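Quick notes on the structure that follows.
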2 protein chains.
Amino acid sequence: MMATPARGMSARAAQAERTRQQILETAQRLFTEIGYDATSLQMIADEMGLTKAAVYYYFRAKSDIRHAALKPGIERLKSLLDEVAEMRSRRARVDHLVTGLVDFLVQHRHAVMSPAESSEAKHAPDDEQVHEMRWRALSLIFGEEPTAVERLCFDAAFSLPRSLSTLADLSDEELGEALRTTMLRILLRVPS
Amino acid sequence: MMATPARGMSARAAQAERTRQQILETAQRLFTEIGYDATSLQMIADEMGLTKAAVYYYFRAKSDIRHAALKPGIERLKSLLDEVAEMRSRRARVDHLVTGLVDFLVQHRHAVMSPAESSEAKHAPDDEQVHEMRWRALSLIFGEEPTAVERLCFDAAFSLPRSLSTLADLSDEELGEALRTTMLRILLRVPS
DNA sequence: GTCTATATATAGATAGAC
DNA sequence: GTCTATCTATATATAGAC
């Protein structure tokens with residue numbers, strides 16, 4: 001779970017932690033590039049010069065890798081929504097949510113996994129959480145009873161992470177600015 | 001390939017055509033609900049009370065079912081773009097594309113398959129075509145050198161088909177109107 | 001900590017009976 | 001036209017040697 005080996009760890013344990021982290025990064029990249037279902041543990045092992053069994057030493061199941069890969073994004077989104085919930089004006093809420101999300105997206109632009117689009121999407125605890133947060137965000141932005149158009153604007157704006165792969169030619173700054181501008185435009189001034 | 005058995009067909013052949021069509025509809029529904037990769041031929045066969053081998057009699061491979069399921073949408077989009085290309089004003093082009101697309105989406109709202117999100121997405125001819133049409137549509141709406149924000153607005157608007165499943169509570173009329181309004185709002189009056 | 005070897009399940013696909 | 005039976009490949013996952 002740790003990004004860096006803790007102090008006091010043996011050299012062996014530190015190496016193990018690095019290996020674990022590398023598996024996670026490799027898996028995350030493959031999930032992003034070709035999708036979760038299409039990524040086999042064999043591919044992950046091959047890319048790292050390990051065997052499947054070695055991968056299983058670090059993760060008990062394929063779904064655990066998915067869980068670990070999704071975790072930082074889920075945590076970030078959760079705390080972002082907590083912060084947003086404290087804000088009074090709608091404008092400030094939208095602004096904070098968009099800015100926070102865009103910053104996270106740009107930082108992880110090459111490893112952004114959409115939680116949906118996996119055959120595990122049903123009943124997996126991660127996806128339950130994402131689903132709940134989606135509802136929470138919708139309420140925070142458009143109130144308890146959003147109109148159909150508002151719901152669509154919400155979906156349109158927050159579907160943009162899926163488009164990251166088609167924007168590889170942009171620098172981090174350009175990408176961030178474009179994402180922020182577009183999301184704000186879609187979410188603010190929605191016609192009734 | 002035909003939606004209805006042609007005149008002069010034997011009763012046996014007509015029955016075969018119906019079975020083929022039913023397999024297609026069942027598969028399409030499952031592809032939409034749980035995704036292409038997660039749908040096995042066994043599931044399709046089970047839902048219809050057939051065996052896998054029977055399904056293979058009608059379709060030589062799983063990918064052929066996908067191809068047949070995608071075909072109507074691809075054809076519709078292709079002719080729509082041909083029509084749009086003939087129009088002079090940008091406003092008319094956006095209007096015609098959005099209206100045509102929304103009509104198609106509402107009509108097939110329970111069986112809309114996103115061409116991407118399958119492990120076959122690479123090098124499958126269907127996806128090549130969709131990719132080309134995406135570029136063509138982008139050029140028709142925003143010109144040959146769209147800005148980053150314009151590309152994002154394009155993606156946001158045309159990602160909306162993915163949201164159909166979350167709008168099951170709307171009537172066809174409500175859905176169509178909301179889709180049309182939202183897409184037009186996102187695609188028109190994009191800030192420079 | 002990483003390996004070989006293997007268990008088990010299921011995928012897509014085919015051959016041939018009826 | 002639909003079936004049973006089977007093939008082959010590959011998936012996730014485990015046991016136990018080193």
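This is a predicted model, so every value here is computed, not measured. So you know, we letter chains A, B, ... as the sequences are listed, proteins then strands, and number each from 1.
In terms of the ring-ring contact (aromatic ring centres under 6.0 Å, His included) criterion, A:F142 has no residue partners (sequence neighbours excluded). By the ring-ring contact (aromatic ring centres under 6.0 Å, His included) test, A:F104 is found to be paired with A:H108, residues two or more places apart in sequence or in another chain being considered. Under the rule for a side chain to side chain contact (heavy atoms under 4.5 Å, CB included), the partners of B:A16 that lie at least two apart in sequence or sit in another chain are B:Y58. For A:F158, the ring-ring contact (aromatic ring centres under 6.0 Å, His included) partners are A:F154, not counting sequence neighbours. Remark: B:Q42 engages B:D46 in a side chain to side chain donor-acceptor pair (under 3.5 Å) (not counting sequence neighbours).
Residue A:Y57 contributes atom OH, which lies 17 Å from atom P of D:dA17 at whole-angstrom precision. One can place CD1 of A:I65 at 14 Å from P of D:dA11, the figure rounded to the nearest angstrom. With rounding to whole Å, A:R60 atom CZ is found 17 Å from C:dG1 atom P.
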message = Could you go through B:Q15 and B:T19, starting from their C-alpha distance and side-chain angles, then the distance that decides it, and tell me whether this counts as side chain to side chain donor-acceptor pair (under 3.5 Å)?
response = CA-CA 6 Å; B:Q15 173 58 36; B:T19 305; 3.3 Å; yes
When you compare the protein's N or O atoms with those of nucleotides 9-12 of chain C, which come within less than 3.5 Å of each other, and at what distance?
from: C:dG12; atom 1: OP1; to: B:K62; atom 2: NZ; distance (Å): 3.0
from: C:dG12; atom 1: OP2; to: B:L41; atom 2: N; distance (Å): 2.9
from: C:dG12; atom 1: N7; to: B:K52; atom 2: NZ; distance (Å): 3.1
from: C:dG12; atom 1: O6; to: B:K52; atom 2: NZ; distance (Å): 3.3

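Base engagement by B:A53 is indicated by at least one non-hydrogen atom pair under 4.0 Å involving a base atom.
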